[in-house]
Each structure stands twice: as C-alpha cells, then as structure tokens.
Amino acid sequence: MFNARKLVITEIVTSVEQLLRTHLTSPPRIEDVARTLNLSERSLRRKLSAAGRAFREIHDEVRTECAMDLLRAGKLNVAEVGHALGFSE
C-alpha cells in the first residue's frame, strides 16, 4: 500500500513537471494543472506536499532547467532564452 501511494505521488510530480515543460511561454496556473490531472487544487497541493514539493518550486526548477539547456545549446542569447521561457521585461 505504501509503495503504491508513493508511486502515485511521484507520478503526479512528474506529470506536473511535464505539463509545465509543454507550456513554457504561458505556464498554467496550479488550478489548471489540477484540473488537467482530475484533481482539486487542494488535493494537488496535498499530494505535492506529501512528496516534499510545492508547485512554485517545481515551476521554478523546470524553468531553470530549460533555461540552462537552451543556454548550453548556444543557439539563443540570454534575452531570447528569457523570451522563450515567458519572462518579460
């Protein structure tokens, strides 16, 4: 039982990360992600908390990882990376 619950929580974290990666320029709000995962916002927050994570933290990590990947690729400058990730001036 415990392992199954842990697996579900891990899958939810992974799903949130994937959803955020696919919507980098206009990231979904937590309520949108919860709806996509057929959860209430409160349930999603609880499950993320059980994994020791928070939505904002996951969002920031995904953006940072994507920014680093784009910068390492060397095809975009910092301003272009910022624009690609939805940052505005």
Side-chain angles (χ1 to χ4, degrees):
M1 177 78 168
F2 177 74
N3 288 334
R5 182 172 182 240
K6 188 174 179 181
L7 179 62
V8 169
I9 290 171
T10 300
E11 289 174 353
I12 288 174
V13 171
T14 300
S15 295
V16 169
E17 291 170 342
Q18 290 172 341
L19 284 167
L20 290 170
R21 278 190 185 90
T22 59
H23 297 91
L24 287 174
T25 56
S26 58
R29 300 169 307 175
I30 189 168
E31 53 266 21
D32 301 325
V33 172
R35 191 174 320 109
T36 300
L37 298 175
N38 294 316
L39 296 168
S40 68
E41 179 182 342
R42 185 171 180 217
S43 290
L44 177 57
R45 287 185 189 279
R46 252 194 330 264
K47 290 177 187 300
L48 293 176
S49 179
R53 307 294 300 275
F55 183 77
R56 174 57 49 193
E57 170 195 9
I58 295 169
H59 176 263
D60 291 347
E61 285 177 8
V62 166
R63 273 180 135 181
T64 299
E65 289 170 11
C66 291
M68 296 303 290
D69 290 344
L70 290 169
L71 289 170
R72 271 189 228 110
K75 296 181 181 178
L76 301 175
N77 65 39
V78 173
E80 292 167 327
V81 168
H83 180 72
L85 297 177
F87 290 102
S88 60
E89 293 183 43

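We use all heavy atoms of the structure for the numbers below, so side chains are in, but hydrogens, waters and symmetry mates are not. These numbers were taken from a predicted model, which means no experiment stands behind them.
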Heavy-atom closest pair (Ala84 atom, Thr25 atom, distance to 0.1 Å) is O-CG2, 3.1 Å

Minimum heavy-atom separation for Ala51 to Ile9, with atom names? CB-CG2, 3.3 Å

Examine distances only and state if a side-chain atom of Glu80 and a backbone atom of Asn77 form a donor-acceptor pair shorter than 3.5 Å. yes

Taking C-beta and beyond as the side chain, do Leu85 and Cys66 meet within less than 4.5 Å on heavy atoms? yes

Start with the C-alpha distance between Thr22 and Gln18, add both sets of side-chain angles, then the distance that settles side-chain contact (heavy atoms from CB on, under 4.5 Å), and finish with yes or no. CA-CA 6 Å; Thr22 59; Gln18 290 172 341; 5.5 Å; no

Just wondering, do Glu17 and Arg53 contact through their side chains at under 4.5 Å, heavy atoms? yes

How many angstroms lie between CG in Leu48 and CD1 in Ile58, if you round to the nearest 0.5 Å? 4.5 Å

Distance-minimising heavy-atom pair for His59 and Leu20: CA-CD1, 3.6 Å

Would you mind reporting whether Leu24 and Val62 have side-chain heavy atoms less than 4.5 Å apart? yes

Is it true that Glu31 and Arg35 have a side-chain N and a carboxylate O under 4.0 angstrom from each other? no

Does Met68 belong to the same Ile/Leu/Val/Met/Phe/Trp/Tyr cluster as Leu76, with side-chain heavy atoms less than 4.5 Å apart forming each link? no

Where do Pro28 and His23 come nearest, in terms of heavy atoms and distance? CD-CB, 3.6 Å

So CG of Leu44 and CD1 of Ile30: to nearest 0.5 Å the spacing works out to 4.5 Å

Going through the distances and angles, do Arg46 and Ser49 end up as a side-chain contact (heavy atoms from CB on, under 4.5 Å)? CA-CA 5 Å; Arg46 252 194 330 264; Ser49 179; 5.6 Å; no

Would Asp60 and Arg63 count as a salt bridge (Lys or Arg N to Asp or Glu O under 4.0 Å) if you check the C-alpha gap in whole Å, the side-chain angles of each, and the deciding distance to 0.1 Å? CA-CA 5 Å; Asp60 291 347; Arg63 273 180 135 181; 5.5 Å; no

Test Asp32 against Arg29 for side-chain contact (heavy atoms from CB on, under 4.5 Å), laying out the working first. CA-CA 5 Å; Asp32 301 325; Arg29 300 169 307 175; 3.2 Å; yes

